[in-house]
Amino acid sequence: MTEIPREEFVLKCTSACAGCPSSLALRYVLKAAGHDTVLVVPACCTSVIQGIFPFTSLNVTVYNIAFAAAAACASGMSEAFRKAGKKTSVIVYAGDGGTVDIGLQGLSAALEREEDFLYVCYDNEAYSNTGMQRSGATPYGARTTTTPAGKTHPKKDLDGIVAAHNPPYMATTCVAYPQDVFRKVQKALSIRGPSFIHLLAPCPTSWRFSPDLTIEMGKRAIRSGMWILYEREFGKVTINSVSKAALKNPLPLEDYLSPQGRFSGIGQREKDILISQARKMAKRLIHEEEGVC
Amino acid sequence: MSTAPAMSRPKQGASGKTGAWRIFRPRIDKDACNACGLCALSCPDAAIGEDLEIDLEYCKGCGICAHECPKKAISMKREEK
Ligand SMILES: Cc1ncc(C[n+]2csc(CCOP(=O)(O)OP(=O)(O)O)c2C)c(N)n1
Ligand code: SF4
Ligand code: SF4
Ligand SMILES: [Mg+2]
């Protein structure tokens, strides 16, 4: 595997919460992308953690932009760079609210036009920056400030929506595996055309777990089968080995849910729904990998 | 009035000395440490350098490094006020 560069592009320190998954993931996204990169950031934690004007902790060019406009902005930028003969990587780094809810039409349009940029959605499963309101990516049963009795709708299948556009490269990853984040970002940027990475970002503040467990919670999400690591390259699905092993012998769901305050008091019915959704997703991916559908 | 765009310059400490936030302070027991570097890989704030020294001016005390250390060489002690 390629060495991860030592250079840091997230300078000490962002103003993110202690144990922040978005800052951790961004370290590796930017290490993979390097200097010649423009980051497009719609409203989310990542837009407010950069530091206090006139300084910033992010040592690449960053364009902070209105919620719905991220993918449109990145489209125009990458077109302009390519016209000027430049290889500059354009990366959208957006939250789940800014992607599955507010930015979806811009993302869909950019994928359809086959724009040459990478869209990374870091998914902390809520509008965390504004105080943990539910988003379309919040899982069934999770308590947020707008679903105090637990969410009564399932998590939106963002990857299914993106896959329907058939981008040359899409992948899921998780902040618990920095090398996986690094490798997939490098791969995505090496492929011409639109690429998409969906990154699970367990957030201690909105999921309500102890901040030392950010990586542990990501690992448990994968080991319990609640998050599956895979890649879809030119339509071909590969389930990554950690998830292959996890799906054969999953960790009990309880081990994933119990450290998280957002699932406190969750009932058996909600747990069954979560398990059945995860199984359905796994089955679909396994079938796709085998070429059955 | 200036019409220059609002542009920030990269700088260490752009959010202040975040070490002041810390409630628990990490300490690496060098005898137990085998220098695998997993702590530095796992720190959200890149507060652990190549030499595996923790930069206490910036470390927020999240405890991820201690949790991820396979040798249990990092302990978290409450800061004295
Ligand atoms: C049009 C508009 N509506 C609302 C907001 C307020 N707002 C800023 S960040 C944010 C939450 C974004 O959630 P998400 O995309 O999941 O990112 P996270 O905060 O979780 O990192 C909201 C609602 C805004 N900036 N612009
Ligand atoms: S709320 Fe979550 S994602 Fe946002 S800065 Fe805090 S830890 Fe990071
Ligand atoms: S306690 Fe957290 S911020 Fe401090 S060095 Fe360890 S991982 Fe980094
Ligand atoms: Mg979010």
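Proteins come first, then strands; the chains are lettered A, B, ... in the order of their sequence lines, and each starts at number 1. When reading the values below, keep in mind they use all heavy atoms of this one structure, side chains included, and skip hydrogens, waters and symmetry mates. None of the values given here were measured: they were computed from a predicted structure.
No more than 12 heavy atoms of other residues, nucleotides or ligands shown are found within 6.0 angstrom of NZ on B:Lys77.
The backbone N or O of A:Ser15 sits less than 3.5 Å from a side-chain atom of B:Ser15, completing a donor-acceptor pair. Side-chain N or O atoms of B:Asp51 include one that pairs as donor or acceptor with a backbone N or O of B:Glu53 at under 3.5 Å. Here the side chain of A:Lys31 pairs no donor or acceptor atom with the backbone of A:Ile4 at under 3.5 angstrom. Formation of a donor-acceptor pair under 3.5 Å by the A:Ser57 side chain with backbone atoms of A:Gln50 is found in this model. Checking side-chain atoms of B:Lys17 against main-chain N and O of B:Leu56 turns up no donor-acceptor pair under 3.5 Å.
Contact annotation for A:Lys219: only side-chain heavy atoms (C-beta onward) come within less than 4.5 Å of a heavy atom of chain B. Only the side chain of A:Glu8 has a heavy atom closer than 4.5 Å to any heavy atom of chain B. The parts of B:Gln12 that come within reach of chain A are both its backbone and its side chain, each placing non-hydrogen atoms under 4.5 angstrom from that chain. Looking at B:Ala40, the atoms closer than 4.5 Å to chain A (heavy atoms on both sides) all sit in the backbone: N, CA, C or O. Both the backbone and the side chain of A:Ile52 have a heavy atom closer than 4.5 Å to some heavy atom of chain B. Heavy-atom distances place the backbone of B:Met7, and not its side chain, under 4.5 Å from chain A. Residue contact with chain B, scored on non-hydrogen atoms closer than 4.5 Å, is absent for A:Ala176.
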Next on the checklist: I'd like to know whether A:Arg262 forms a side-chain contact (heavy atoms from CB on, under 4.5 Å) with A:Glu125, so could you lay out the CA-CA distance, the side-chain angles of the two residues, the decisive distance to 0.1 Å, and finally the verdict.
Outcome noted: CA-CA 11 Å; A:Arg262 65 175 178 160; A:Glu125 303 191 320; 2.8 Å; yes
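By a heavy-atom distance cut of under 4.5 Å, A:Cys20, A:Ser23, A:Leu24, A:Arg27, A:Tyr28 are the residues of residues 20-30 of chain A near chain B, going up by number.
One finds the OG atom of A:Ser89 at 12.5 Å from the NE2 atom of A:His35 (value rounded to the nearest 0.5 Å). Atom-to-atom distance recorded for A:Ile222:CD1 and A:Leu251:CG is 11.5 Å, nearest 0.5 angstrom.
Note: A:Cys13 leads A:Cys13, A:Gly19, A:Gly51 in heavy-atom pairs under 4.5 Å with chain B. In terms of heavy-atom pairs under 4.5 angstrom with chain A, the leader among B:Gly63, B:Pro44, B:Ser42 is B:Pro44.
None of A:Asp123, A:Thr172, A:Thr173, A:Asp96 except one satisfies the side-chain hydrogen bond (donor to acceptor under 3.5 Å, both in side chains) rule with A:His198; the exception is A:Asp123.
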